[in-house]
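Written below as structure tokens is the structure these notes are about.
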Amino acid sequence: MTARTATAWSDSAAAATQGAGKPLTIVQKYGGTSVGSVERIQAVARRAVATHAEGHRVVVVVSAMAGETNRLLALAKQLTEEPHHREIDVIAASGEQVSIGLVALAICELGTTGRSFLGHQVRIVTDEAHGMARIQSIDAEPVTAALDRREIVVVAGFQGIDKQGAITTLGRGGSDLSAVAMAAAVQADICEIYTDVDGIYTTDPNICGRARKIERITFEEMLELASLGAKVLQTRSVEFAMKYRVRIHVRTSFSDAPGSWVVPEEELGMEGAVVTGVAYDRNTAKLTVQAVPDRPGTVAALLRPLGAHGINVDVIIQNASVDGHTDVTFTVPRNEVGRAQRFAAEAAAAIGAGKVSSDASVSKVSVVGAGMRSEAGVAVRMFDALGRAGVNIQLISTSEIKISCVVDERFTELAVRELHTAFGLDAPTE
Ligand code: ADP
Ligand code: ASP
Ligand code: MG
């Protein structure tokens, strides 16, 4: 896994988009909608075979058919609310087994050998964090051997295996990570992510009709957008691509239109706008602990049990103290709100704090842009825009290249559109 220069990056990107030049190793990842029906699977097979026929070495990574992972998880939930993570992974990972078989079959039907591989067959070894496992290593040998035989390799996304041999999954949207990791392991020239939109947009094009396609975005900005809710790429896949310098091209499986490239910052030069994109995350809930004794160690005592149970605490604010007590508010993923409230209430009782209340009808809207580093007043512009739209801000958090506000969930789309306009991101009207 080697780092590449910006020049090599552009050359290879150009060669891949124009279909010219030397044979490349190309990873093509197809998401749920791209393999959502027999017809879509046949379209995937045609694209993979056409790429292969141009002389390229092709690794296809696939997700479960659209809706399948949700269906499998819902089945498990009918049996238990308890997180039996090991068994849930066995169930959740099965969706990808079906789709690799179907894609490989469809490729064979076109007269080219398609060879399917489950996670354990390409030895995608992960840690033991079921449901959110981290990839530790991949044995590229079975894949490169198949590529050398001129087969099209079809790898199951989303899954791996831990050192004990148990099936693990890589977190929702994890097939993106499987694809990027495969690309790094086989030193692919390009990792193409085929999805249901034709690129990375300034915000989710499904909620903002005036979103604009971004031709090139930096790893750093994409990482922020993804971690703030833009699910077009899974966060860890961007992290991994940044580390191993994997070239990502996000594009649609419904046409040949070129999509968006994720590139290193040095390649983008001065092109960057102050705000590159707007993201939102509905998977947010807010907890407030009242009357927390204002002394060293109490916030740590409150939040420690949540961390210990794998609950990710995001925005945290503590109010000024009155009479030695203060309120502490923080957000957690919405699907964890029940457990989070239980652990926080136990911890609150132990330190002599008051009641813990929760509100699961909030969302987080964020603006992201590397240009913020050198531009003052971005936060005020954001607050102004939300204020003019009548959207009340409940919590705020900032970092070097993003500002996030927690708002009432009912205002999510309105807030996204207002911010999109306020930061000059709207596509010109025809
Ligand atoms: P797949 O199943 O192919 O992995 P996902 O549903 O995970 O597809 O991701 C694609 C979706 O991401 C799009 O349908 C779109 O609604 C959403 N999305 C959110 N933010 C953005 C963005 N900034 N640009 C493009 N798509 C976005
Ligand atoms: N099938 C998995 C999911 O729905 C992985 C993926 O689609 O990337 O989360
Ligand atoms: Mg996805």
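In this chain, residues are counted from 1 in sequence order. In each ligand, atom 1 is the first atom listed, and ligand 1 is the first ligand listed.
Numbered from 1 in the order shown, with element, the atoms of ligand 1 that lie under 4.0 Å from a heavy atom of T203 read 22 (C), 23 (N). Listed by number with element, the atoms of ligand 1 under 4.0 Å from a non-hydrogen atom of G32 are 2 (O). Annotation for ligand 1: atoms under 4.0 Å from non-hydrogen atoms of A230 are 19 (C), 20 (N).
When the options V232, D196, D176, T69 are ranked by their closest heavy atom to atom 12 (O) of ligand 1, first place goes to V232. The closest heavy-atom contact to atom 17 (C) of ligand 1, among the options D204, I214, I193, comes from D204. Closest to atom 4 (O) of ligand 1 by heavy atom, among K29, K231, Q234, R212, is K29.
Residues that satisfy the side-chain hydrogen bond (donor to acceptor under 3.5 Å, both in side chains) test with R86, not counting sequence neighbours, are absent from this structure. In this structure, the side chain to side chain contact (heavy atoms under 4.5 Å, CB included) partners of E413, at least two apart in sequence or on a different chain, are I207, R282, R417. The side-chain hydrogen bond (donor to acceptor under 3.5 Å, both in side chains) search around T331 returns none, not counting sequence neighbours.
Note on D127 versus K163: no salt bridge recorded, every NZ/NE/NH1/NH2 to OD/OE distance being 4.0 Å or above. A salt bridge links K22 with D189; the closest basic N to acidic carboxylate O contact falls under 4.0 Å. Taking the charged nitrogens against the carboxylate oxygens, D204 and K231 have no contact shorter than 4.0 Å, which rules out a salt bridge. With respect to E239 and R236, no salt bridge is recorded, no charged nitrogen being found less than 4.0 Å from a carboxylate O. Salt-bridge check for K364 with E409: failed, with every basic side-chain N at 4.0 Å or more from each acidic carboxylate O.
Below 3.5 Å of separation, one finds no N or O of T202 facing any N or O of ligand 1.
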message: As a quick check of understanding, evaluate side-chain hydrogen bond (donor to acceptor under 3.5 Å, both in side chains) for T126 and Q136, giving each step before the final call.
response: CA-CA 5 Å; T126 71; Q136 292 175 333; over 6 Å; no

task: Begin from the C-alpha positions of E96 and S99 and carry the test side-chain hydrogen bond (donor to acceptor under 3.5 Å, both in side chains) through to its verdict.
output: CA-CA 5 Å; E96 274 71 11; S99 42; 5.8 Å; no

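Of the heavy atoms in V197, only side-chain atoms (C-beta onward) come closer than 4.0 Å to ligand 1. At a 4.0 Å heavy-atom cut-off, ligand 1 touches P205 through the side chain alone. Contacts with ligand 1 closer than 4.0 Å are made by no heavy atom of L225, backbone or side chain.
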Would you mind listing each N/O atom of ligand 2 next to any protein N/O under 3.5 Å, plus the distance?
residue  : atom  : partner : partner atom : Å
ligand 2 : 1 (N) : T69     : OG1          : 2.8
ligand 2 : 1 (N) : E96     : OE2          : 2.7
ligand 2 : 4 (O) : T69     : OG1          : 3.3
ligand 2 : 4 (O) : R172    : NH2          : 2.9
ligand 2 : 7 (O) : S63     : OG           : 3.1
ligand 2 : 8 (O) : G173    : O            : 3.4
ligand 2 : 8 (O) : G174    : N            : 3.4
ligand 2 : 8 (O) : S175    : N            : 3.0
ligand 2 : 8 (O) : S175    : OG           : 3.1
ligand 2 : 9 (O) : R172    : NE           : 2.7
ligand 2 : 9 (O) : G173    : N            : 2.9

